[in-house]
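Let me begin by presenting the structure, written as structure tokens, before commenting on it.
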Amino acid sequence: MLDIRLIREEPERVREAMVALNATAPIDEIIALDERRRELVNQVEQMKARRNEGSKLVSKASDKEERDRLIADMRTLGDEISTLDEQVRDVESELNALMLTVPNLPLPHVPVGPDESGNVVTQTTGQPRSADFPLLPHWDIAERLGIIDFERGVKVSGSRFYVLRGDGARLQRALITWMLDLHTQKHGYQEVYPPYLVLEQSLYGTGNLPKFGETLFRDIEEDKWLIPTAEVPVTNLYRDEILDEAMLPIYHTAYTACFRREQISAGKDVRGIKRGYQFDKVEMVKFVHPDRSEEEHQRLIGEAEDVLIGLELPFRRLQICTGDLSFTAANKVDLEVWAPGTEEWLEVSSCSNFVDFQARRANIRFRPTEGGRPHYLHTLNGSGMALPRTMIAIMENYQREDGTFAIPQVLQPYLGGQTEIGIQPPIGPARA
RNA sequence: GGAGAGGUGGCCGAGUGGUUGAAGGCGGCUGUCUUGAAAACAGUUAGGCGAAAGCCUCGCAGGUUCGAAUCCUGUCCUCUCCGCCA
């Protein structure tokens, strides 16, 4: 959420930003409602002041007639107040509803562009893999080895679900553990394990609602929504709190499953595990002092890159332009890993600086050490990493001519020293 | 799921419908005293809107009233006991 004062005082700046974002926002309506609200509030507050005084007089009035007259006056005044109060409530809720639909403003140095075509590759790390045998897409590799069971996933849960089997499941588990260890031990994050179901209010806090409800799964009987990312429960950890400045910065990393109702676009990304309704992700979330968010953003990107560097995967850094910025982000950098089998760059991480946008929505503040009013802090987050796409990248980059693939060195200790993944034993009677 | 109890400031804890935005205590901060500390004493210590006057906030939402932390209704949450359960 933006500061209403910004819209009130610098509407042109906000309008220009909306153009750059390729977004529309009801700025004029907001300004009109804000003005109306302030008029009404002013009026009703003066009346309330009179009522408070009048009520005090009632308790002091010794003369019966005087007292009755006062009570009658106050009754009339009270009715008028109720009417106005109702109007204030209506205007406020309308204003608030509109405020929640205004996207965040981009930081000044974010490149202006109309859509994803304006994104800028700012850095490429590692060499794309070449081989003297045809490099296969991961679904071929995985199916041959028996580490992903696509058919049974669909049978059990419908399209866009799959089942990891044997070493496939183990590899993902090793990745999760290694990533969490990296962030906690090397980057200073505290691990949290949050709920996967959240209240509607939490989704407003991170900005997923009200605009993106159609991409979420929810329980139909209760106010419980499945998280689309760990960002939601982790950011809301400190909702409605005033932290001490000395507590900042707070770094949290969390592994969760994520649930997204993806728009079914026929024939796009239907094969493999690139896009499903459920996927796992390790997420990093930062709560920082407003003066430090840009610096923390750069560090966050570096911390995400550490994962790909550790896995020795070729990747590039993509600066997102204004037109492709997500609703809540003031600045965003994606990391894309090269998948030589499908020959595409896969978005495996998205590192965003939300500045105070989420903090306002979720009401997360800190009290300065030197005292004074609390301020909104800044939030950031980045994936570190999305697991299915990381798995794709490993399978496709580490594949060998015989159809097996090697295990990245850093993961080997997490798999009992195993160095490669081969054909899984056939489904059969359990062996001890 | 059934029965009962309760939700007040950073914490504990008062609160007869009318100077209670809220006693008292603890904790925090600032002074006095002290070489320093402790103790003692004094003061101070919530958030929001507003330029200010002022208004609002005692889980939340309604209602009664001239006036509600206090009365009524609903709701959420916590605790205890029973049941169920990984």
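Side chains are part of it too, since the values below use all heavy atoms of this structure and drop only hydrogens, waters and symmetry mates. Residue numbers start from 1 in every chain, and the chains themselves are labelled A, B, ... in the order their sequence lines are given, proteins ahead of strands.
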Next on the checklist: Let's test this: given Watson-Crick or G-U wobble pairing with both distances under 3.5 Å, identify the partner of B:rC85.
Outcome noted: none
Item to check | Among B:rG47, B:rC49, B:rC56, the nucleotide that comes nearest once only the side chain of A:Arg51 is considered | outcome: B:rC56
Next on the checklist: What is the separation between atom CG on A:Asp79 and atom C1' on B:rG63, rounded to the nearest whole Å?
Outcome noted: 14 Å
Item to check | Shortest side-chain distance from A:Lys48, nucleotide among B:rC56, B:rG18, B:rG50 | outcome: B:rC56
Checklist entry - Looking at A:Arg8, does any N or O in its side chain come under 4.0 Å of the phosphate oxygens OP1/OP2 on B:rG50? => result yes
Item to check | Counterpart base for B:rG50, defined by Watson-Crick or G-U wobble contacts under 3.5 Å | outcome: none
Checklist outcome for this item: Across every strand shown, the nucleotide meeting Watson-Crick or G-U wobble geometry with B:rU80 (both distances under 3.5 Å) is B:rA3
Item to check | Check ion pair A:Asp28-A:Arg15 (N to O, under 4.0 angstrom) | outcome: yes
Item to check | B:rG27: pairing nucleotide in any strand, Watson-Crick or G-U under 3.5 angstrom | outcome: B:rU45
Item to check | Position toward the 5' end of RNA chain B (nearest nucleotide), A:Gly54 or A:Arg5 | outcome: A:Arg5
Next on the checklist: For B:rG28, does the base pair up with any side-chain atom of A:Arg367 as donor and acceptor (N or O, under 3.5 Å, distance only)?
Outcome noted: no
Checklist entry - Where the side chain of A:Ala49 is concerned, which of B:rG54, B:rG48, B:rG62 is the nearest nucleotide? => result B:rG54
Item to check | Side chain proximity check, A:Thr390 to A:Val337, heavy atoms < 4.5 angstrom | outcome: no
Item to check | Test item: A:Gln43 and A:Gln87 side chains (from C-beta on) under 4.5 Å apart, heavy atoms | outcome: no
Checklist entry - With a non-hydrogen cut-off below 4.0 angstrom, is A:Arg360 in contact with a base, only sugar-phosphate, or nothing? => result nothing
Next on the checklist: Under 4.0 Å, heavy atoms only, any strand: does A:Arg67 hit a base, just the sugar-phosphate, or nothing?
Outcome noted: base
Checklist outcome for this item: Taking B:rA52, B:rU65, B:rG18 as options, the one with an atom nearest any side-chain atom of A:Asn42 is B:rA52
Checklist entry - Regarding A:Tyr376 and A:Asp3, is there a side-chain donor-to-acceptor distance under 3.5 Å anywhere? => result no
Checklist outcome for this item: pair_partner(B:rG74), Watson-Crick or wobble, both distances < 3.5 Å, evaluates to B:rC60
Checklist entry - Taking NZ, NE, NH1 and NH2 as the nitrogens, is one of them in A:Lys48 or A:Asp85 under 4.0 Å from a carboxylate oxygen of the other? => result yes
Next on the checklist: Which nucleotide, if any, forms a Watson-Crick or G-U wobble pair with B:rG17, using both distances under 3.5 Å?
Outcome noted: none
Next on the checklist: Does B:rC55 have OP1 or OP2 under 4.0 Å away from a side-chain N or O of A:Asn52?
Outcome noted: yes
Checklist entry - Expressed in whole Å, how much space separates the P atoms belonging to B:rC85 and B:rG74? => result 32 Å
Item to check | Whole angstrom value for the distance that separates P of B:rC66 from CG of A:Asp73 | outcome: 12 Å
Item to check | Nearest to side-chain heavy atoms of A:Arg89, which nucleotide of B:rG47, B:rC49, B:rG62 | outcome: B:rG62
Next on the checklist: Does A:Arg365 reach a base, just sugar-phosphate, or nothing at all? Heavy atoms under 4.0 Å.
Outcome noted: sugar-phosphate
Item to check | C1'-based separation of B:rG31 from B:rU65 [nearest Å] | outcome: 46 Å
Checklist entry - Once you round it to whole Å, what is the distance between P of B:rC60 and CG of A:Leu199? => result 16 Å
Next on the checklist: Please name the nucleotide paired to B:rA37 by Watson-Crick or G-U wobble geometry with both distances under 3.5 Å, or report none.
Outcome noted: none
Next on the checklist: Any side-chain N or O of A:Arg75 below 4.0 angstrom from OP1/OP2 of B:rG67?
Outcome noted: no
Checklist entry - Hey, is A:Arg69 close enough to A:Glu66 for a salt bridge, meaning N to O under 4.0 Å? => result yes
Next on the checklist: Please report the distance, rounded to the nearest Å, between NZ in A:Lys56 and P in B:rC66.
Outcome noted: 19 Å
